[in-house]
Amino acid sequence: MSANKRVAVVTGANKGIGFAIVRGLCKQFDGDVILTARNEENGKQAIESLNKEGLKPIFHQMDLNDLTSIDRIKNYLQSNYGGLDVLVNNAGIAFKMAATEPFAVQAEVTMATNFWGTLNVCNSLFSLLRPHASKYAAEKYSKDLLQQFSSSDLSVNKVEQLMTDFVNAAKSGTARDKGWPEYSYGVTKIGVILMTFAQQKELNKDESRPDIVVNAGSIIMVQNC
């Protein structure tokens with residue numbers, strides 16, 4: 001491997017959308033594509049499946065809820081590539097509609113992975129990004145929350161506080177009273193979208209690394225693609 005070679009990382013990519021993204025990148029991206037998964041066996045099975053199609057992604061274990069595993073892939077990227085060109089934050093969880101866990105539990109668990117886990121990955125891997133590297137259901141949120149979402153001084157710290165407020169409201173049974181919907185998956189994805197807006201503002205201030213674009217979607221987030 002060369003420190004000059006381009007590299008793309010896709011989180012939660014052993015199945016579904018993440019798997020499809022890896023397949024697409026392998027066909028179009030000029031560089032190595034790293035498929036990550038929380039479970040090593042599942043990740044390696046996904047690699048074998050793509051190998052049968054003539055595609056050659058690389059597997060690396062990573063669990064969004066495990067800071068040690070995030071550090072490991074950061075060190076791997078730094079040592080083998082000297083940076084990062086594409087980061088696709090696809091990993092996430094959602095409780096089924098028939099799930100019996102209390103809403104407070106669903107809110108805390110989903111937020112831990114979809115928002116905090118994604119933020120942990122960004123906090124760790126954004127430093128490796130090389131130069132040149134939406135719409136949501138507004139009617140479900142109070143006017144006060146929507147104003148906070150669109151505030152010109154929105155920051156990552158502010159988004160973190162909003163997501164913490166949501167989990168606390170879910171735990172105390174006051175989510176609706178405080179303007180939140182009782183749908184934890186949707187709120188975590190709003191958090192990721194808002195997080196990317198704030199991250200873009202911060203990255204724009206870094207004149208030493210121009211042209212890094214942070215995009216957000218309802219399901220995945222792509223950095224420097």
Side-chain angles (χ1 to χ4, degrees), residues 1 7-23 25-26 32-51 57-81 83-96 99 101 104-129 156 159-160 163-164 166-167 170 184-196 199 214 216-225:
M1 299 180 189
V7 60
V9 172
V10 184
T11 70
N14 61 283
K15 62 181 180 180
I17 293 173
F19 183 83
I21 292 171
V22 169
R23 177 190 283 125
L25 283 171
C26 284
D32 287 342
V33 179
I34 298 179
L35 179 157
T36 76
R38 177 176 57 184
N39 181 281
E40 185 168 349
E41 181 178 351
N42 291 343
K44 290 182 175 179
Q45 288 177 354
I47 292 290
E48 290 177 3
S49 178
L50 290 169
N51 287 165
I58 298 168
F59 173 70
H60 201 290
Q61 189 275 339
M62 183 172 68
D63 181 350
L64 269 64
N65 295 317
D66 180 0
L67 292 175
T68 300
S69 74
I70 296 174
D71 286 340
R72 279 198 300 267
I73 194 169
K74 178 181 180 179
N75 293 334
Y76 172 82
L77 292 168
Q78 184 70 64
S79 298
N80 291 282
Y81 299 94
L84 177 61
D85 299 284
V86 176
L87 171 62
V88 182
N89 278 316
N90 167 78
I93 62 172
F95 283 83
K96 297 182 183 300
E101 292 86 350
V105 173
Q106 294 186 36
E108 185 170 28
V109 172
T110 311
M111 189 68 70
T113 297
N114 295 0
F115 179 77
W116 297 111
T118 298
L119 180 58
N120 288 338
V121 172
C122 292
N123 285 341
S124 180
L125 300 189
F126 266 25
S127 63
L128 299 182
L129 287 173
V156 174
V159 178
E160 290 184 68
M163 296 302 102
T164 298
F166 166 70
V167 173
S184 55
Y185 180 81
V187 177
T188 64
K189 289 306 180 181
I190 289 297
V192 170
I193 292 171
L194 294 174
M195 178 175 65
T196 64
Q199 289 170 332
V214 186
S218 60
I219 299 176
I220 63 170
M221 179 170 66
V222 182
Q223 277 88 26
N224 204 29
C225 186

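Looking only at distances, no side-chain donor or acceptor of Q199 sits under 3.5 Å from a matching main-chain atom of V214. Using modelled atom types, one side-chain atom of S69 and one backbone atom of D66 make a donor-acceptor pair closer than 3.5 Å. No side-chain donor-acceptor contact under 3.5 Å links Q61 to the backbone of E40.
Residues A37 and G43 share a closest heavy-atom pair of CB-CA, 3.9 Å. F59 approaches N39 most closely through the heavy-atom pair CZ-O, 4.3 Å. In this structure, F19 and A46 approach most closely via the heavy-atom pair CE1-O, 3.6 Å. Across L50 and P57, no two heavy atoms sit closer than the pair CD1-CG, 3.6 Å. Considering every non-hydrogen atom in both V167 and A107, the closest pair reads CG2-O, 4.1 Å. Here the shortest heavy-atom pairing between A112 and N65 reads O-OD1, 3.1 Å.
Exactly one of I58, V22, L25, I21 qualifies for a side-chain contact (heavy atoms from CB on, under 4.5 Å) with L35. That residue is V22. None of N114, T113, T110, T118 except one satisfies the side chain to side chain donor-acceptor pair (under 3.5 Å) rule with T188; the exception is N114.
Sorted by first then second residue, the salt bridge (charged side-chain N to carboxylate O under 4.0 Å, His left out) pairs that include residues 107-117, not counting sequence neighbours, are E108-K171.
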For this session: Just do the salt bridge (Lys or Arg N to Asp or Glu O under 4.0 Å) check on K44 and E48 with the steps written out, would you?
Result: CA-CA 6 Å; K44 290 182 175 179; E48 290 177 3; over 6 Å; no
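By the 4.5 Å heavy-atom criterion applied to side chains, M163 and V187 are counted as neighbours.
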